[in-house]
Enquirer: 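Shown below is the structure under consideration.
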There are 2 protein chains.
Amino acid sequence: MMSIETQFENQQYKLRQMLQILMRTFSILEKEGARCCSVTLVESHILFEVKRYNDQKGTDLSLNELSAKLGVSNSTLSRQIQSLVDKNLLYRTHYNNDRRYLSIYLTPEGERYEKELGKELDSYVQEIFSNVPSEKRMQLLESMDVLLTAVEKSDCC
Amino acid sequence: MMSIETQFENQQYKLRQMLQILMRTFSILEKEGARCCSVTLVESHILFEVKRYNDQKGTDLSLNELSAKLGVSNSTLSRQIQSLVDKNLLYRTHYNNDRRYLSIYLTPEGERYEKELGKELDSYVQEIFSNVPSEKRMQLLESMDVLLTAVEKSDCC
DNA sequence: TTGAATTAATTGTAAAATACAAACATTGTA
DNA sequence: TACAATGTTTGTATTTTACAATTAATTCAA
């Protein structure tokens, strides 16, 4: 009979393994989806995050904030943004109240691309979701929500 | 009142978004964990996958199989493996029954590294899991399992 | 109010990762 | 035995990346 502590450790271990496998699988899908829309993985992450941030917060995102969210260095991000500006997918101007900061937001074409990318990913997720027994679907969504909330509460993330 | 179809679409959309955010967060943790153990992200994925495959299947992994699992080209993987062999973390020999294939497996030191990496990630997951209400934990584990099973069934993955 | 310290972003540079195509090695087959 | 097929490696060029130094804007303090 396992002790409560051991059970807890096992659960964590299992969760970690599942997360690892899931992450890898999904990152491959993301790469493929991005390829289809002729952007790189990081570029797709930028488009996604800029869109999400603008929608949710109603304000623009600075380079510093974005690089922290994406886990890349400022210099890398600066060049990636340049590339997206060149492709006419992003606007980048200086924030008027403090001209050190950037205001980054999507061009109309950037919006289209972001939507396109999302659809590409949705089609993968659709397939996966269709393989989830229908009686488990609500539970899955709820659990993912619980997990995300926990992630947001955690200092490590 | 939403139609059933629209509800279904919304669920997928939500699942996709949650997966995207989760993936990004977790990949940053993985990067950090790998850094701590002075390997790159891809190297850590190699160690993880080789270990997992050997444990589960009891046979060694070929380069072709591994590159498909990790979503990188053969040439990239070949060099990454070389680097891990140089660091004495991987063995790479030719499979005797068909000497075209490689047998890849962890050295004792590789095993230690893999375990170390796992612990690093476990500590992150531990924190996240501790922020999941205890009455939701079993459900979360079950849901992740369901999701993984669905992923494995899906052609796109 | 001016100059130093602080903060945000960019750029110079070098190293690492990556993919494609060609080459190499081994095995299967006509 | 020749040659097609399969798995891996290597040549090459491109891309990505980070660190450190630089530039630009702001804040703070004497």
Side-chain angles (χ1 to χ4, degrees), chain A residues 24 27-28 30-47 49-50 53 59-87 89-105, chain B residues 24 27-28 30-47 49-50 53 59-87 89-105:
Chain A
R24 236 204 14 233
S27 81
I28 292 175
E30 276 189 324
K31 221 189 271 183
E32 242 180 68
R35 246 178 116 99
C36 291
C37 296
S38 57
V39 291
T40 67
L41 185 60
V42 177
E43 285 176 342
S44 80
H45 283 172
I46 294 174
L47 294 177
E49 192 59 38
V50 169
Y53 193 90
T59 68
D60 301 339
L61 198 53
S62 78
L63 190 145
N64 258 341
E65 288 174 289
L66 189 52
S67 71
K69 276 180 198 293
L70 301 185
V72 297
S73 70
N74 276 5
S75 56
T76 298
L77 185 60
S78 177
R79 287 178 233 261
Q80 294 281 358
I81 287 175
Q82 180 63 55
S83 144
L84 286 169
V85 169
D86 291 344
K87 289 181 188 169
L89 300 178
L90 271 190
Y91 284 129
R92 173 190 48 182
T93 60
H94 282 280
Y95 179 60
N96 270 332
N97 286 1
D98 186 338
R99 298 183 52 71
R100 285 172 303 183
Y101 291 78
L102 286 185
S103 270
I104 303 166
Y105 52 102
Chain B
R24 235 202 17 232
S27 81
I28 293 175
E30 274 189 324
K31 221 189 268 183
E32 241 179 69
R35 247 179 116 98
C36 290
C37 296
S38 57
V39 292
T40 67
L41 187 59
V42 177
E43 285 177 342
S44 80
H45 284 172
I46 294 172
L47 293 178
E49 193 57 39
V50 169
Y53 193 91
T59 68
D60 302 339
L61 198 52
S62 78
L63 189 144
N64 257 340
E65 288 175 287
L66 188 52
S67 70
K69 275 179 197 293
L70 301 186
V72 297
S73 70
N74 276 6
S75 55
T76 298
L77 185 61
S78 178
R79 286 178 234 260
Q80 294 281 358
I81 287 174
Q82 181 62 54
S83 143
L84 286 169
V85 169
D86 290 344
K87 291 180 187 169
L89 300 178
L90 272 190
Y91 283 129
R92 174 190 48 183
T93 60
H94 282 278
Y95 181 59
N96 269 334
N97 287 1
D98 185 338
R99 297 184 49 72
R100 286 173 300 185
Y101 292 77
L102 285 186
S103 270
I104 303 166
Y105 51 102

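Sequence lines set the chain letters: A, B, ... in the order given, protein chains first and strands last, and positions in each chain run from 1.
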Enquirer: Run A:Thr40 and A:Gln80 through side-chain contact (heavy atoms from CB on, under 4.5 Å) and show every step you take.
Expert: CA-CA 10 Å; A:Thr40 67; A:Gln80 294 281 358; 4.2 Å; yes
Enquirer: Can you work out whether A:Ser73 or A:Tyr95 has the more 5'-proximal nearest nucleotide on DNA chain D?
Expert: A:Ser73
Enquirer: Tell me: CG of A:Leu84 to P of D:dT16, nearest whole Å?
Expert: 10 Å
Enquirer: For A:Lys69 and A:His45: C-alpha separation, side-chain torsions, deciding distance, then whether side-chain contact (heavy atoms from CB on, under 4.5 Å) applies.
Expert: CA-CA 10 Å; A:Lys69 276 180 198 293; A:His45 283 172; over 6 Å; no
Enquirer: Which residues pass the side-chain contact (heavy atoms from CB on, under 4.5 Å) test with A:Ser62, sequence neighbours left out?
Expert: A:Asn64, A:Glu65, A:Tyr101
Enquirer: Would you mind reporting whether A:Leu47 and A:Glu43 have side-chain heavy atoms less than 4.5 Å apart?
Expert: no
Enquirer: Kindly state each residue pair satisfying salt bridge (Lys or Arg N to Asp or Glu O under 4.0 Å) with at least one member in residues 92-104 of chain B, sequence neighbours excluded.
Expert: B:Asp98-B:Arg100
Enquirer: For the CG atom of A:Leu41 and the OG atom of B:Ser27, what is their distance to the nearest 0.5 Å?
Expert: 8.5 Å
Enquirer: A:Leu70 CG to D:dT17 P: how many Å, rounded?
Expert: 10 Å
Enquirer: Holding to side chain to side chain donor-acceptor pair (under 3.5 Å), I want the full list of residues that pass it with B:Ser67, two or more places apart in sequence or in another chain.
Expert: B:Asn74
Enquirer: Without decimals, in angstroms, what is the distance between A:Gln80 CD and C:dA17 P?
Expert: 17 Å
Enquirer: Let me have a per-nucleotide readout for nucleotides 1-12 of chain D, 5' to 3', with B, S or -, counting only protein heavy atoms under 4.0 Å.
Expert: ----BBSBBBBB
Enquirer: Please identify each residue that fulfils ring-ring contact (aromatic ring centres under 6.0 Å, His included) with A:Tyr91, with sequence neighbours left out.
Expert: A:Tyr105
Enquirer: Can you pull out the residues from residues 30-45 of chain B that lie within a 4.0 Å heavy-atom distance of DNA chain D?
Expert: B:Arg35
Enquirer: What integer distance in Å separates A:Asn97:CG from D:dT26:P?
Expert: 10 Å
